[in-house]
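Chain A is the first sequence line, chain B the second, and so forth, proteins listed ahead of strands; every chain is numbered from 1. Not measured: the values here are computed from a predicted model.
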There are 2 protein chains.
Amino acid sequence: MTTLTDVAKRANVSKMTVSRVINHPEQVRDELKQSVFAAMRELNYRPNVAAKALVNNRTQIIKLFILEDMDTTEPYYMNLLAGISKELGKEQYSLQLVTEHNFDIGGCDGYIVTGMRHTDFEWLQRLERPVVLFGENRLELDYCDTNNTLGTQMATEYAIKQGYDQIEFIGINVKEPFEYSREAGYLMSMQNHQLPTMIHRFSNHSHLAMEYIESHWATLKTNTCYVCASDRLAFGIEKGLTIFNARIPQDFGIIGFDGVFLNQVATPKLTTVQQPIFELGVQCARMLLTKIDKDGQSQGIEQLTPTLSIGGSTRNDQL
Amino acid sequence: MTTLTDVAKRANVSKMTVSRVINHPEQVRDELKQSVFAAMRELNYRPNVAAKALVNNRTQIIKLFILEDMDTTEPYYMNLLAGISKELGKEQYSLQLVTEHNFDIGGCDGYIVTGMRHTDFEWLQRLERPVVLFGENRLELDYCDTNNTLGTQMATEYAIKQGYDQIEFIGINVKEPFEYSREAGYLMSMQNHQLPTMIHRFSNHSHLAMEYIESHWATLKTNTCYVCASDRLAFGIEKGLTIFNARIPQDFGIIGFDGVFLNQVATPKLTTVQQPIFELGVQCARMLLTKIDKDGQSQGIEQLTPTLSIGGSTRNDQL
DNA sequence: TTGTACGCGTTATCAA
DNA sequence: TTGATAACGCGTACAA
């Protein structure tokens with residue numbers, strides 16, 4: 001294993017110069033810098049993370065809190081994790097998962113928290129390291145999320161453009177910001193077009209949406225499009241409609257929200273507001289690293305733009 | 001932050017004694033041990049992972065290679081990760097994900113590899129740290145996996161017991177050990193009962209299984225049970241049968257394999273061979289940590305027993 | 001059984 | 001702009 005000292009000898013400088021080349025390159029003459037770089041390359045130098053962590057009083061560890069019951073949101077997370085991990089890796093950080101299974105102790109340099117409900121606010125505030133949330137909040141905490149309002153606006157506008165007569169919103173009955181934002185997007189678009197609104201809410205389980213369709217089939221009007229707050233609900237709506245052999249997308253349209261996995265296995269595939277989950281992971285990590293670097297200074301919020309992924313559950317050209 | 005030295009002072013011993021209490025407790029008198037423990041508790045001592053890593057020439061990092069395309073297997077992995085992470089946490093290890101997105105460099109103490117195909121064998125062998133695979137292999141590499149053969153035996157026996165006349169296997173057309181083992185379980189059970197066997201194979205996509213049913217509907221015999229090598233295929237079979245309003249489970253039975261997510265969203269819910277994914281994660285990590293501890297010594301294999309999760313896609317009492 | 005001295009690889013401080 | 005030194009917290013080797 002090559003160390004700083006090895007590189008220093010090879011380049012005929014002190015090890016401090018090598019260290020500076022890495023951490024404060026502006027303090028070193030270009031000439032020296034070049035020969036140090038050369039030495040590092042020749043010796044295939046890799047900094048020792050542990051030594052660095054020790055002297056900086058850091059752990060090089062980020063904890064990821066997953067506060068929601070994992071079974072309900074699973075398909076989602078691997079992409080997030082991949083994004084986070086990619087970004088953390090760049091600065092030699094590694095990851096510890098904290099779930100319901102191991103609410104453990106042990107140091108870290110910062111936290112990424114997903115699935116926060118407002119009841120978590122209190123203990124979150126007591127964390128002694130920088131925190132970045134994945135998911136909207138209205139508590140002045142730094143976060144990254146999809147632009148939820150924009151997402152449902154895109155969905156609603158698309159439904160309108162495709163000529164559906166009624167456009168109804170199938171929401172999740174939680175009192176959380178992401179849901180308010182999604183409903184707001186729907187309401188704004190509808191009001192802009194002076195269309196009447198209708199919102200139904202269920203817990204985020206496909207069978208509840210399916211049962212709603214089953215029990216209300218007689219009263220449903222054709223040429224309705226359901227804009228849903230999640231793919232789970234959209235999936236349930238689609239299954240419900242399929243039971244009655246409803247014509248999708250001709251007589252009923254369905255648009256989901258998430259765009260991870262479930263939209264793909266549905267038949268027909270769901271048109272859905274696709275969240276840029278991987279990029280959100282990258283951004284979360286990026287924001288947290290910056291925050292750590294700046295001694296916990298607030299980093300504000302970051303809202304990424306979703307894309308509307310067109311599937312077979314909506315008409316895709318105007319009548 | 002309390003250090004070894006702080007604890008030592010409080011307990012009126014040298015810091016080496018404290019260190020020994022942690023790493024070689026058998027070398028310390030009970031009396032001293034007690035007072036050291038007391039001091040650690042009072043001062044809320046937490047070992048400094050970086051310092052430990054530095055002196056031991058370790059990184060306290062485990063890399064998790066996910067070799068398959070993440071989109072195809074997603075729902076699966078979070079449970080695995082949770083299990084791995086829980087076990088690693090106990091010994092202050094943290095995790096780095098290596099996926100198609102970041103095939104990065106950087107040291108670690110060991111590897112967990114999932115989704116290995118036989119073509120990966122060569123470069124895997126060149127890894128310079130202990131490796132444990134998640135998933136069967138026949139290359140003498142240490143691994144943890146579900147007992148795949150037992151799983152399909154359980155499924156097949158159950159189908160027989162429920163009185164289905166034909167029992168056919170829907171396999172994945174990959175030449176990998178886990179698939180051979182699953183097919184073997186089916187074949188063994190069928191032969192034990194002197195029943196005729198039938199195997200179909202598809203890539204692991206639900207729509208392929210669905211299309212199979214669609215195109216062969218006319219020739220299908222009622223009272224057939226499909227034992228599938230994955231929930232994806234089972235899900236496709238079920239969708240295909242549903243198109244024709246086939247009566248499930250009365251006229252057709254379906255049994256999947258995996259038991260993560262997809263079986264839950266299917267209607268009716270799939271009877272499936274449920275893999276103990278979380279526990280497999282724990283075992284993988286456990287095995288790897290032991291292997292690291294024993295200087296890379298081979299740890300053999302570990303096969304955990306799956307459970308048959310009964311859903312609505314099979315009859316659940318004998319005719 | 002317990003303690004002392006030293007080194008692990010890095011960075012900050014201060015002096016040159 | 002560069003270098004010498006000390007320090008981070010812990011574990012090994014050796015001495016007591």
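When the P atom of D/dG9 is taken as reference, atom CE of B/Met40 falls 17 Å away, rounded to whole Å. Across the protein-nucleic acid pair, A/Leu43 atom CG and C/dG9 atom P stand 14 Å apart, rounded to whole Å. Nucleotide C/dA12 holds its C1' atom 11 Å from the CD atom of A/Gln27, rounded to whole Å. Atoms CG (B/Leu32) and P (C/dT1) sit 11 Å apart, rounded to a whole Å. When the P atom of C/dT2 is taken as reference, atom NZ of B/Lys9 falls 20 Å away, rounded to whole Å.
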Subject >> Test log, rule side-chain contact (heavy atoms from CB on, under 4.5 Å), inputs B/Ile61 and A/Gln60 >> reply: CA-CA 10 Å; B/Ile61 292 170; A/Gln60 300 296 120; over 6 Å; no
**OP:** For the pair A/Gln275 and A/Tyr76, evaluate side chain to side chain donor-acceptor pair (under 3.5 Å) and give the outcome as yes or no after the intermediate values.
**Re:** CA-CA 10 Å; A/Gln275 301 198 56; A/Tyr76 207 85; 3.2 Å; yes
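Residues A/Arg117 and A/Asp120 are not paired through a salt bridge, judged by the lack of any N-O separation under 4.0 Å between the basic side chain and the carboxylate.
For the OP1/OP2 pair of C/dG3 and a distance below 4.0 Å, the side-chain nitrogens and oxygens of B/Thr17 include at least one atom meeting the criterion.
A/Asp142 approaches A/Gln299 most closely through the heavy-atom pair OD2-N, 2.8 Å. Residues A/Ala82 and B/His101 share a closest heavy-atom pair of CB-CD2, 4.3 Å.
Two end axes, each from the C1' atoms of five base pairs, can be drawn for the helix from C/dT1-D/dA16 to C/dA16-D/dT1; they diverge by 40°, to 10 degrees.
Using a 4.5 Å heavy-atom cutoff, the side chains of A/Phe65 and A/Val131 are not in contact.
Just one residue in the list A/Glu279, A/Glu91, A/Glu302 forms a salt bridge (Lys or Arg N to Asp or Glu O under 4.0 Å) with A/Arg286, and that residue is A/Glu91.
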Original post:
Which letters describe nucleotides 10-16 of chain D, given B = protein heavy atom under 4.0 Å from base, S = only from sugar-phosphate, - = neither?
Top reply: BBB----
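Panel note: side chain A/Ser85, backbone B/Leu97; a donor-acceptor pair is recorded below 3.5 Å.
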